[in-house]
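First listed ligand is number 1; within each ligand, the first listed atom is number 1.
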Amino acid sequence: MKPIATLFFAFLALYCGHSQAAPPNILLIFVDDVGWGDAGCYGATLVKTPNIDRLAREGQRFTQGHASAAVCTPTRYSLITGQYSWRNQAEGLNKGVAKGDAPLLIPTTMTTAPGLLKQAGYRTALIGKWHLGFGESKPDFNGELRPGPLEVGFDEYFGIPATNDRLPTVFVRDHRVVGLDPADPIRYSYDATEAKAQGMSPWAAGRNRIGWAKGGKAAWWKDTEIADTLLRESVQFIERNQEKPFFLLYAPHNVHAPAIPGPRFAGSSGLTPRADMLQELDACIGELLQTLDRHGLAKDTLILYSSDNGAYVTDEKGHKPTGPYRGKKSQLWEGGHRVPFIVRWPARIQPGVSEDLVSTLDMPATICAAAGITLPNEALPDSHNLLPALLGEKNAPKRDHLILMSGNGDLAIRDHTLKYIPSLAAADGWYANKRKGTATQRPGLYDLSKDPGETQNLMPQRAADAKRLAELLAKDQAASVTRPAQ
Ligand code: CA
């Protein structure tokens, strides 16, 4: 640890008056397209997830955890910035997801959770999926991919630039594509006409992907090796940083499409490749837990586990990735955004189950609080600190409502029991586009405590509740900060 960081933490421990103030390591496991029902601890019986179940048994499992949006890029933006993504008008944040040629979508001037942790002496790394763009106007895959994760608070980055179904299919380390042969540069396009004129193909590594590319073959990943590669990098990061507090955002591609598990897991579930990939994910998490155990780090490591949006399928040969909930990825129905949400910190947090309303948006303020950081004014503006509630403090502040966003950028709002959807025409997210003309513009109100499957619209009978929630939504939209003051 650097002397200045040692001094900082010594002061922090002295100031807080007890040894528990020593900053924990933080491992944020942020998975892709994993639904609420995708683990044994959330009721799954046909897929085996012993390691995720262990996390739940040894930590707090939340039944009302939500991704801040129903698709990848917006939720990941909020995870790093603590800001509702729809406050930022950039394409891919207030609707849709970042294209493969998107510039960096997080302003480098913005205060971020990894940036705050880095300033506080943490070694910070993102290993896995980024999907928040590179460069000032577009990525330069043959040169420097700058600005990117390293310009918004991460000391190290290794991973997938966008998604496993987008071109180019290469790993990036810090600012460079790994293993690129300069004699065979990567050319890519997201414009069909241009791509065809230049002889580019949507195929790479044996699969049809989003976008068109050619070249860079030496750098192409093998889909079957992605999980093991990201795991190996993560284990190495932890082992390199045992002597100082670290923040690792481990963001595996599991279980985003195309579902291609590694050879050890192909066929392991007896269900589908996606279910196999889920068991692969669980095994990777098990390896990380064992790494912490092996080095005596588990007790003082805060682990958070969640997903960037709900599952994209609702039934896999009897397995129900979205549990009892309606809808799927991109939708305003619970299946689109209600996700697994587990927090384990053996030294400080008692195991249990919580019904508190929580969001992935709350993770940045929570991890900063665990690190002893007081947030600067207006930093992480929509992120609620869950730590007091996690520590079991009496009268701990709790989130009483939450705004949700579909894949099309439409919003809904829910409190502990009720959800208000301003226009049911928007509730199906990406799938709503296919039903234009027949969908209804009327609002929906659902009581999730009595009707978890969102089958009974309580409008117009409970118009007063709808009006209250609509006003709360408008108020938060007009505000720039919605978190409690510190
Ligand atoms: Ca996702």
Within the supplied structure, the quantity of interest is the number of heavy atoms (other residues, nucleotides, ligands) at a distance under 6.0 Å from Lys118 NZ; does it exceed 12? yes
Kindly check if the number of other-residue, nucleotide or ligand heavy atoms within 6.0 Å of CD (Glu151) is above 12? yes
Which protein N, O or S atoms does the Ca ion (ligand 1) have within a distance shorter than 3.0 Å? Asp32 OD1, Asp33 OD1, Cys72 SG, Asp308 OD1, Asp308 OD2, Asn309 OD1
Residues which pass ring-ring contact (aromatic ring centres under 6.0 Å, His included) with Phe30, listed by chain and number, not counting sequence neighbours: none
Taking ring-ring contact (aromatic ring centres under 6.0 Å, His included) as the definition, give me every residue that meets it alongside Trp333, ordered by chain and number, with sequence neighbours left out. Tyr446
Are side-chain heavy atoms of Leu281 and Val31 found at a separation under 4.5 Å? yes
Hits for side-chain contact (heavy atoms from CB on, under 4.5 Å) against Ser268, two or more places apart or cross-chain, chain-then-number order -> Phe265, Asp276, Gln279
